[in-house]
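Report on one structure; see the data block that follows.
Here is the naming used below: chain letters follow the sequence lines, and residue numbers restart at 1 for every chain.
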2 protein chains.
Amino acid sequence: MVKRADRHTPESLLAVAVEVFNIRGYDGTSMEDLAKAAGITKSSIYHHVTGKEELLRIAVTRALDGLFGVLDEPGATEGAAVDRFAYVIRRTCLELVDKLPYVTLLLRVRGNTVTEREALARRRDFDHRVADLAAAAIADGDLRADLDPRLTSRLVFGLVNSVVEWYRPDGPESGPAVADALSSLVLTGLRAHQESVLPAPDPPEAGS
Amino acid sequence: MVKRADRHTPESLLAVAVEVFNIRGYDGTSMEDLAKAAGITKSSIYHHVTGKEELLRIAVTRALDGLFGVLDEPGATEGAAVDRFAYVIRRTCLELVDKLPYVTLLLRVRGNTVTEREALARRRDFDHRVADLAAAAIADGDLRADLDPRLTSRLVFGLVNSVVEWYRPDGPESGPAVADALSSLVLTGLRAHQESVLPAPDPPEAGS
DNA sequence: GTCTATACCGTGATAGAC
DNA sequence: GTCTATCACGGTATAGAC
């Protein structure tokens, strides 16, 4: 923090703001906090942005655009539903890691302002589209039918989103490593020998 | 909301406060918000509690005591590590649903006050004890060894914790139903036929 | 147990000099 | 682009009557 830049731009200010928002929470962050972290005074901030809420709006919009971008990629629109579902899980996870501060902020929005409520609405839209994908994969018989599609997609994306709570770019795991582990957990499960519950022949490898 | 009680007690006030905290966020909630929701004035609140932070402290303590209680139950202390791990997953999920408002609040704490930092420290302690359990299960060869124990427990408890983001007591799923679905997903995975990647004979059932 | 009235401070935001 | 000075408002919390 206090990464002073002699000349701030809206972009450099945004980076500082998002970082502080994610530490203290949006509501818990004052303009004075932002000013200290940016190395300038409160007033100077208003030269770059119209206010605190605009910083939030830019940040969550960036996160949402990234997530929706995934849904438009060929891997998410072509092929079997189960493959598209797996693709979206993996890519969403990578996108989350790539835009970590922005997505983190997005996922913590509560809905106290217009900006926040609009962000929540877009998030719901995203979740809905993913739930449709899970439903299609189940209908195809490629995902277990004993789990409700809505519940399934909620669990899976709860898992994906939870990554923001602990992932750090300078930590031991790379983004792709997390995406692989997560995908593998979701599709294959954690148990070492699947026949531990019911007697069954030995399953073949479950490579990524 | 505005569930007016003619006579408030610290307990009734806590229930109101936690509900509002979870909607607006702790920092986003003013004493005026609490007063309106409780149907009394700001001043009256101070007759029951010393202030806003005490309400938070009582709530998160209740959540943490519940979670640590799970770790002391026989199912979490006796038997094979993999079974204890599975037990803790399931029971934690049930505890989360049972104490939903308190756990929700706990999981959103940011660390801006002494109370919050102490809660975060206890949470880290809990996470650490669960990670040890996962490590033991992997060492026993009962959980896949290709996933790091720390990463595994982070993913699994990220998944468990994410339930607070969507679960509602009056919704379609019961607490045990969610706990079962979640445990099943974690241990067995989502794929209908594990050999779906390579051509294989007909798969056995994938019962719960 | 709840009220009105109030103290006191930090908040987001603006004006205008340099 | 940044500053000092200032504003109006809402924040937590207290005093004391009923």
Please pick, from [options], the nucleotide with the shortest atom-to-atom distance to any side-chain atom of [X].
X       : options               : answer
A:Glu32 : C:dT11, C:dT14, C:dT2 : C:dT11
A:Ile40 : D:dC3, D:dG11, C:dT11 : D:dC3
A:His8  : D:dT2, D:dG11, C:dA13 : D:dT2

Given DNA chain D, 5'-ward residue of the pair A:Lys42 and A:His48, judged by closest heavy atom: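 Checking each residue's closest nucleotide, the 5'-ward one belongs to A:His48.
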Using a 4.0 Å heavy-atom cut-off across all strands, classify [X] as base, sugar-phosphate, or nothing.
X       : answer
B:Thr41 : base
A:Ser44 : base
B:Thr29 : sugar-phosphate

How many whole angstroms separate atom CZ of A:Arg7 from atom P of D:dT2?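 Taking CZ of A:Arg7 and P of D:dT2, I get 6 Å after rounding.
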Closer than 4.0 Å, any side-chain N/O of [X] to the OP1 or OP2 of [N]?
X       : N      : answer
B:Ser30 : D:dG10 : no
B:His47 : C:dG1  : yes
B:Tyr46 : D:dA13 : yes

Is it the case that A:Lys52 places NZ or CZ above or below the six-membered ring of A:Tyr26, under 6.0 angstrom from the centre and within 45 degrees of the axis? yes
Report the C-alpha distance between A:Glu73 and A:Arg84 in whole Å, list the side-chain angles of each, state the deciding distance to 0.1 Å, and finish with yes or no for salt bridge (Lys or Arg N to Asp or Glu O under 4.0 Å). CA-CA 10 Å; A:Glu73 292 170 5; A:Arg84 287 184 282 143; over 6 Å; no
In degrees, rounded to 10°, what is the bend between the two ends of the helix from C:dG1-D:dC18 to C:dC18-D:dG1, using five pairs at each? 10°
side-chain hydrogen bond (donor to acceptor under 3.5 Å, both in side chains), that's the test. Do A:Asp33 and A:Ser30 meet it? Break it down for me. CA-CA 5 Å; A:Asp33 291 331; A:Ser30 69; 3.2 Å; yes
Should A:Arg129 and A:Phe68 be marked as a side chain to side chain contact (heavy atoms under 4.5 Å, CB included) after you check the CA-CA gap, both sets of side-chain angles, and the distance that decides it? CA-CA 10 Å; A:Arg129 290 181 62 179; A:Phe68 275 96; 4.0 Å; yes
base_contact_polar (C:dA5 base, B:Ser43 side chain, donor-acceptor, <3.5 Å): yes
How about A:Arg62: does its CZ atom have over 12 heavy atoms from other parts shown lying under 6.0 Å from it?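 Enclosed.
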More than 12 heavy atoms of other groups within 6.0 Å of A:Arg150 CZ: no
For B:Leu185 and A:Val186 the tightest heavy-atom approach is CD2-CA, 4.4 Å
